[in-house]
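Heads up: the structure comes next, in structure tokens.
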Number of protein chains: 2
Amino acid sequence: MGAVTTALGIREVSEHTGLSIDTLRWYEREGLIPLVGRTPTGRRSYPPAAMRFIRLVQALRRTGMPVADVRHFVQLGGGRLEHHSTRMALLEAQRGSIERQVDQLHEDLAVLTAKIDQYRDLITRGLDCEDEAAGRDACPGGDDVRALVGPGGPATPDRGRGRASLRSTS
Amino acid sequence: MGAVTTALGIREVSEHTGLSIDTLRWYEREGLIPLVGRTPTGRRSYPPAAMRFIRLVQALRRTGMPVADVRHFVQLGGGRLEHHSTRMALLEAQRGSIERQVDQLHEDLAVLTAKIDQYRDLITRGLDCEDEAAGRDACPGGDDVRALVGPGGPATPDRGRGRASLRSTS
DNA sequence: GCTTGCGCTGGAGTGCGCTCCAGGTCCGAG
DNA sequence: CTCGGACCTGGAGCGCACTCCAGCGCAAGC
């Protein structure tokens, strides 16, 4: 019980949520957090409901929903039944997006892991990427660039210059 | 040699990777993708090694590594043994970051799911967020704002203005 | 050979999401 | 009463990661 703590000041909210004070003010101005009250002297006061709202907004923002979309979600009138399904649909769309992000992250994780294993292997064998023993696909740059042909197919017989830039704005 | 397809043109790379042509050029200029050749007439030519490199870079970028850090990773000399451990450490750090992101995403997913369930419940019961029957924490804004007290504790008896902005820069 | 169009370069421009600042009010400590 | 500090508002500024553009050269279908 009594765990509600009544309303918090902006500093406390900032510390609890990790959002900067400026961000909290900005979110409010942008219409992402309603329910923020003011003390009689004009200071922000965040009741528990606002805190809950902020956590939802944070989840939406962290998962990549643009500020404009969060605002749109928020502005569907205050909890009226007729908007529940709209809000729910928006949340479900975002949930789908999150699931896709997780999938993508796992894919990318696999790419990194493969690369890490590769380096570990090369290190234990004491090899550079270019070493013959390292194998064809050793490093991203393990292969040679000379296997270079015109993009659309063998275009010009001339390949005198062979490699090119290899940039590196070091 | 069969499936290697030799080198690709920028358009093909763009289609295969989903990166825009402009982005590919920009990444190259920024030193994120070495190994890009040129045909004798100056057009970009991406050998298989570059393609593999791009996929790694994509994984790094998509998982939130800043361009500057990717460049740093890339510029650790071409596959020399002495840098393997450095590269590996960077990749491992990024892997850690990915894992944290996945965790965070799951947390946020739980928040959304809870909210979705809540709306579903309210809809089937035909309730607004404010309805008594909806329960204390019905909606983020389900609570009343009037429960407003000074942040640092009961400050002033005055609370005349009640709610606040509700901005809406629509 | 002419024309349509892809690609090249260097540099300027853009959108998003904050972040910082100036100038002012109010509060509590000393 | 005075001073330092937290907060207020409105608005300007900023960093990142692209994205767009002008002006030009090669390329290849007709």
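The figures that follow rest on heavy atoms only: side chains count, while hydrogens, waters and symmetry mates do not. Predicted, not measured: the structure shown is a model, and the values here were computed from it. Below, read A as the first sequence line, B as the second, and so on, with proteins coming before strands; counting in each chain starts at 1.
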Before you tell me yes or no, could you show the steps for Arg95(B) and Thr113(A) under side chain to side chain contact (heavy atoms under 4.5 Å, CB included), namely the whole-Å CA-CA distance, both residues' side-chain angles and the distance that decides it to 0.1 Å? CA-CA 8 Å; Arg95(B) 183 175 57 181; Thr113(A) 301; 4.0 Å; yes
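Following rounding to the nearest Å, Trp26(B) (CH2) and dC18(D) (C1') show an atom-to-atom distance of 6 Å. Per the geometry, CZ belonging to Arg62(B) stands 16 Å off C1' belonging to dA17(D), to the nearest Å.
Counting non-hydrogen atoms under 4.0 angstrom, Arg25(A) reaches a base of the nucleic acid. Contact annotation for Arg11(B): backbone-only contact, meaning every heavy-atom pair under 4.0 Å involves sugar-phosphate atoms and none involves a base.
Proximity of a side-chain donor or acceptor of Glu15(A) to a complementary backbone N or O of Glu12(A) within less than 3.5 Å is not detected. Between the Ser14(B) side chain and the Leu19(B) main chain, a donor and an acceptor come within less than 3.5 Å of each other.
No hydrogens or angles were tested; on distance alone, a donor-acceptor pair under 3.5 Å links the side chain of Arg43(A) to the base of dA6(D).
When the side-chain nitrogen and oxygen atoms of Thr41(B) are compared with OP1 and OP2 of dG7(C), none of them lie within a distance under 4.0 Å. Phosphate proximity of dC18(D) to Tyr27(B): present, with a side-chain N or O under 4.0 Å from OP1 or OP2.
Both key distances under 3.5 Å define a Watson-Crick or G-U pair, and stretches of 3 or more such consecutive pairs in DNA chain D run C:1-30 with D:1-30.
No side-chain donor from either of Gln58(B) and Thr17(B) sits under 3.5 Å from a side-chain acceptor of the other.
Here the CZ atom belonging to Phe73(B) is positioned 11.5 Å from the CG atom belonging to Leu32(B), to the nearest 0.5 angstrom.
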